[in-house]
Amino acid sequence: MKQVLKLFDTYEREVRELKPLKGNEIGLYACGPTVYNFVHIGNLRTYIFEDLLHRTISHAGFNVTHVINITDVGHLASDADSGEDKMEVGSRRTGMTAWEIAEFYTSAFKDDLVKLNILEPTIWCKATDHIEDQIAFIVDLESKGFVYETSDGIYFDSRKLDDYGYLARLDIDGLQAGARVNLGEKRFVTDFALWKFSKPDENRQMEWDSPWGIGFPGWHIECSAMSARYLGDYFDIHCGGKDHIPIHHTNEIAQTQASKGTRLANFWLHGYFLQMEDSKMSKSSGDFLRLETLIERGYLPLVFRYFCLQAHYRSELSFSWESLKAAHTSLMRLYEAAYSWGAPSNISEEYYVRFVQHLYNDLNLPRALAVAWELVRSPEPDGIKKATLLAFDEIFGLDINAWRPKQVDIPKEVSSLLARREEARKSKDWNAADQVRDEISRLGFSIEDSKDGPIIKPI
RNA sequence: GGCUGGGUGGCAGAGUGGUUAUGCAGCGGUCUGCAACAUCGUUUACGCCGGUUCGAUUCCGACCCCAGCCUCCA
């Protein structure tokens, strides 16, 4: 039975079959980070979601071109005349140049992706490598009458589009009425900057010449320009975090609609947030959890990946150390079970079909994972369980086959105690045996008695 | 305040107009000298108030609360 891959499209607000626009090719564009700081685990949840999407599309038999951009231009903290450029602020904070900062945090970001077993995208692209493309895009918009100039930059005239804001179902009148900031020289609340002028006294590290004067591109234009370069004017899937729906993606669509006449992507997919117990996961406040923080607390990076697998990408996921620990316990049990099964034999058709069914139903990984657990607890032969679970892991990406029990050096002291305990047990001196076990546990090791003798593990 | 989306058992989280996933924790059994490991079983939840219906956690309305956006943020 051939199963079809169905995904939820934010633009139409419906689940429908993914059919390639061209041949067997799927173009997938994912909004990447602004590299002025480390990414946090909330950001990483979104990249895990996109990786699952990437793997699932490949699984369905399509060729994926996965593009991730790096926003290495700082932009401003707001479109109004206030705010500071993030890269410039980062530069002052660290003593590095804006260019060095971009490079430093880009490489830190890529390290995190590798640790989470996220497949390398087909194409990485940087905003600063595509200034010409962005300028050309704005020139085109200008020739079509969609821009106007103010004293601080070139702006997009959003009222020229009838259905501006459709993606987010924006209520334009309501937005205007409830606007919280004053417009500056902008003509309308939803207008946004395409090009910003450098201020004469500013001394920016990142600026370029343009037909309108020296300055730097607005944020939204880079994605329209770069996605067009690598995937064309209308491609299959565009994704990012749900916070991008009302502004960033809305504006990308507006630009592309004005210039190319398309809605940019056939499917718009959005990852939901990782929710913190008490505070918001916020990069700008500086108060956030990195993957590194989890590792320092003794968690394997893939525990975080497993943690994310438990929730559907379109619902909020609450993070707490308690639930991360639960994920750790689950994953370790899965690893140990799979390891104990030995060599794989054949895949169980029955379980595999159910797995794919859930996967193709808008990436229902929680259900797919439930099938995995049913398999683990089923009476199927070990070889079949192993083969089937490894097939699931092509999507899960938990690296189940590579896992090995931790090899630990057992101190001499402990191994001699262990021998003494075995002696005591042989002579059924249970008091002595239990006493030695207590002593060993004080030294940081636990004992599990098995048919083949005691197994010792660090606590 | 406006718009968009959401509120499920101790925790995390699927799903459904009537049969109510899965994981973790807890409890009980098996195993064990005792434990641990493992394993089996188990706790009957859907914010609040109305309405539709033979029947609603699932549909509709009001209210409360949470999140996203309206200021850079996945």
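Numbered from 1 within each chain, the chains take letters A, B, ... in sequence-line order.
Partner assigned to B:A67 is B:U4, using Watson-Crick or G-U wobble distances below 3.5 angstrom. B:G10: Watson-Crick or G-U partner is B:C24, with both key distances under 3.5 Å.
Backbone-only engagement by A:R377 is indicated by non-hydrogen atom pairs under 4.0 Å involving sugar-phosphate atoms exclusively. At a threshold of 4.0 angstrom between heavy atoms, the contacts of A:H358 with the nucleic acid are absent. Using a 4.0 Å heavy-atom distance criterion, A:D449 is classed as a base contact. In this structure, A:A370 reaches the bases: a heavy-atom distance under 4.0 Å links it to at least one base atom across the strands shown. A:R354 comes within 4.0 angstrom of no nucleic acid atom, judged by non-hydrogen atoms across all strands. Contacts of A:D434 with the nucleic acid, taken as non-hydrogen atoms under 4.0 Å apart, include base atoms. No engagement by A:H328 is indicated, since no non-hydrogen atom pair under 4.0 Å with the nucleic acid exists. Note on A:I447: a base of the nucleic acid sits closer than 4.0 angstrom, heavy atoms only. The residue A:S315 sits close only to the backbone: its heavy atoms come under 4.0 Å of sugar-phosphate atoms, none of a base.
Remark: the separation of the P atoms in B:C31 and B:A36 is 14 Å, to the nearest Å. Straight-line distance between the C1' atoms of B:U16 and B:C65: roughly 24 Å, to the nearest whole Å. Atom C1' of B:G10 sits at a distance of 36 Å from the matching atom of B:C3, rounded to the whole Å. Straight-line distance between the P atoms of B:G15 and B:G26: roughly 28 Å, to the nearest whole Å. The gap from the P atom of B:G61 to that of B:G23 amounts to 36 Å, rounded to the nearest Å. As rounded to the nearest Å, B:G51 and B:A62 have P atoms that lie 16 Å from one another. Rounded to a whole angstrom, the distance from the P atom of B:U8 to that of B:C46 is 10 Å. Using P as the reference atom, B:C48 and B:C70 are 33 Å apart when rounded to the nearest Å.
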Candidate pair A:Y11 and A:Y166, rule ring-ring contact (aromatic ring centres under 6.0 Å, His included), full reasoning: CA-CA 7 Å; A:Y11 196 90; A:Y166 181 75; 5.0 Å; yes
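With distances taken from any side-chain atom of A:R425 to the nucleotides B:C11, B:G23, B:G33, the minimum falls on B:G33. The side chain of A:E374 sits closest to B:U22 out of B:A14, B:C3, B:U22. Side chain of A:D243, nearest nucleotide from B:G15, B:C69, B:A67: B:C69. For A:F273, counting side-chain heavy atoms from C-beta on, the closest listed nucleotide (B:G68, B:U4, B:G23) is B:G68. When each of B:A38, B:U22, B:C69 is scored by its nearest atom to the side-chain atoms of A:P246, the top-ranked nucleotide is B:C69. Nearest to the side chain of A:R437, among B:A35, B:G13, B:C11, sits B:A35. When each of B:A14, B:C11, B:G68 is scored by its nearest atom to the side-chain atoms of A:P366, the top-ranked nucleotide is B:A14. With B:A38, B:U22, B:A14 as the candidates, the nucleotide lying closest to the side chain of A:W373 is B:U22. Nearest to the side chain of A:R333, among B:G15, B:C72, B:C24, sits B:C24.
At the phosphate of B:C11, neither OP1 nor OP2 sits under 4.0 Å from any side-chain N or O atom of A:S320.
What separates CH2 of A:W268 from P of B:U4 is a distance of 20 Å, to the nearest Å.
In this structure, A:F192 and A:H220 have perpendicular ring planes: the angle between them is above 60°, well past the 30° mark.
Checking A:H238 against A:E252 by side-chain atom types alone, a donor-acceptor pair falls below 3.5 Å.
Sequence order on RNA chain B of the closest nucleotides to A:A433 and A:T329 puts A:T329 first from the 5' end. If you find the closest nucleotide of RNA chain B to A:R421 and to A:L317, the one lying nearer the 5' end belongs to A:L317.
No side-chain heavy atom of A:E336 sits under 4.5 Å from any side-chain heavy atom of A:R333.
With respect to A:R314, the side chain to side chain contact (heavy atoms under 4.5 Å, CB included) criterion is satisfied by exactly one of A:L363, A:T10, A:N364, A:D362: A:D362. With A:H59 as the partner, the ring pair (Phe, Tyr, Trp, His ring centres under 6.0 Å) test is satisfied by one option alone out of A:Y360, A:F355, A:F392: A:Y360.
At least one donor-acceptor pair under 3.5 Å links the side chain of A:Q3 to the backbone N or O of A:V353.
A donor and an acceptor atom never sit less than 3.5 Å apart when one is taken from the side chain of A:R169 and the other from the base of B:C69.
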